[in-house]
Amino acid sequence: MPHLPSVVVERRVEWTDTDAAGHYHHSTVIRWVEAAEAVLLRRLGLSHLFGSTPRVHFEADYRARLWFGEAVRTELRVTKVGASSLHYAFTVRGEPGPPGPDGTTGPDGTTGSDGAVAATGRMVIAHSAARATGTTPWPAEVREVLTKAGRQAPELIENNRGGAPCA
């Protein structure tokens, strides 16, 4: 049974991640997902793949708001290793906390970002070796790592947890 890799990466919603309504902008999710991918590939010793793995598909469903200063956990999971493709699934979660500035709550009556799932989706990348005009199969040693590495240690925010946002 293969042990496909996964990782959880924690970040904060930065001011530049928000829109005029004060919650995260939808485009921020792809950056969090790609940051998790970078952590995963580095942990697997596959950082040499950067620059040879274009995205060929990205989709996301947005489920809850996340606010400036809030800790966000992105879980990225490899779900399939194709001949020259890699399929990821992701889940973005907020932290438990008070309602957003406008007092909004989620459908279950809790705050919209009360540790709830904020976004889910998937991303597919293709392997395209340097100067190739199309996709190229994964090298055997890369395929081996991608199918057997299993869950990686999370990358969490260690300091300033629960601190008050800047005024």
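What you see is a predicted model; the values in this text were computed from it and never measured.
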**Study point:** Short side-chain to backbone donor-acceptor contact, Q152 and V7, under 3.5 Å
**Key:** no

Review point. Counting distance only, does the side-chain N/O of T135 pair as donor-acceptor with the main-chain N or O of S128 below 3.5 Å?
Key: no

Check your understanding: Can any side-chain N or O of T79 pair as donor or acceptor with the backbone N or O of H87 at less than 3.5 Å?
Key -> yes

Check your understanding: Side chain of T53, backbone of F50: donor and acceptor closer than 3.5 Å?
Key -> no

Practice item. Check the hydrophobic clustering (I, L, V, M, F, W, Y; side-chain heavy atoms under 4.5 Å; chains of links allowed) and say if V92 and V8 are grouped together. Key: no

Review point. Can you hop from L44 to V39 via hydrophobic side chains spaced under 4.5 Å?
Key: yes

Practice item. State whether the side chain of E70 and the backbone N or O of E95 hold a donor-acceptor pair below 3.5 Å, judged by distance alone. Key: yes

**Study point:** Evaluation steps, side-chain contact (heavy atoms from CB on, under 4.5 Å), between E37 and L76
**Key:** CA-CA 7 Å; E37 179 190 29; L76 183 69; 3.7 Å; yes

Check your understanding: Looking at R55 and E34, does any basic side-chain N land under 4.0 Å from a carboxylate oxygen?
Key -> yes

Review point. Should the pair E155-R11 be classified as a salt bridge under the 4.0 Å nitrogen-to-oxygen rule?
Key: yes

Check your understanding: Does the ring centre of F58 sit less than 6.0 Å away from the ring centre of Y88?
Key -> no

**Study point:** Residue pair S52 / H48: nearest heavy atoms and the distance that separates them
**Key:** OG-O, 4.3 Å

Review point. Just one of V142, L4, V81 clears the side chain to side chain contact (heavy atoms under 4.5 Å, CB included) bar with L86, so which one?
Key: V81

**Study point:** Pair W32-V13, side-chain contact (heavy atoms from CB on, under 4.5 Å): steps then yes or no
**Key:** CA-CA 10 Å; W32 290 332; V13 178; 3.9 Å; yes

Study note, to complete from the structure: Output for pair (D61 CG, E59 CD), nearest 0.5 Å, gives 6.5 Å

Practice item. Find out if a path of hydrophobic residues (ILVMFWY) with successive side-chain heavy-atom gaps under 4.5 Å connects I30 to V124. Key: no

Point to revise | Option from Y24, W67, F68 for which ring pair (Phe, Tyr, Trp, His ring centres under 6.0 Å) with W15 holds | key: F68

Point to revise | Atom pair OG1/CZ of T28 and R31 - distance to nearest 0.5 Å | key: 4.5 Å

Point to revise | Considering all heavy atoms, the nearest R42-S47 contact | key: CG-CB, 4.2 Å

Review point. Looking at A36 and V9, what are the two nearest heavy atoms and their distance?
Key: CA-CG2, 3.7 Å

**Study point:** Side chains of T136 and H127, donor plus acceptor under 3.5 Å
**Key:** yes

Check your understanding: Between W138 and L49, does a side-chain contact (heavy atoms from CB on, under 4.5 Å) hold up when you go through it step by step?
Key -> CA-CA 10 Å; W138 295 111; L49 293 177; 3.9 Å; yes

Check your understanding: So does E14 pair up with R12, basic N to acidic O under 4.0 Å?
Key -> no

Exercise for review: Determine the minimum heavy-atom distance between E10 and A71, stating which atoms define it.
Suggested key: OE2-CB, 3.9 Å

Point to revise | Audit row: T120, R63, side-chain contact (heavy atoms from CB on, under 4.5 Å) steps and yes/no | key: CA-CA 8 Å; T120 59; R63 304 182 184 284; 3.2 Å; yes

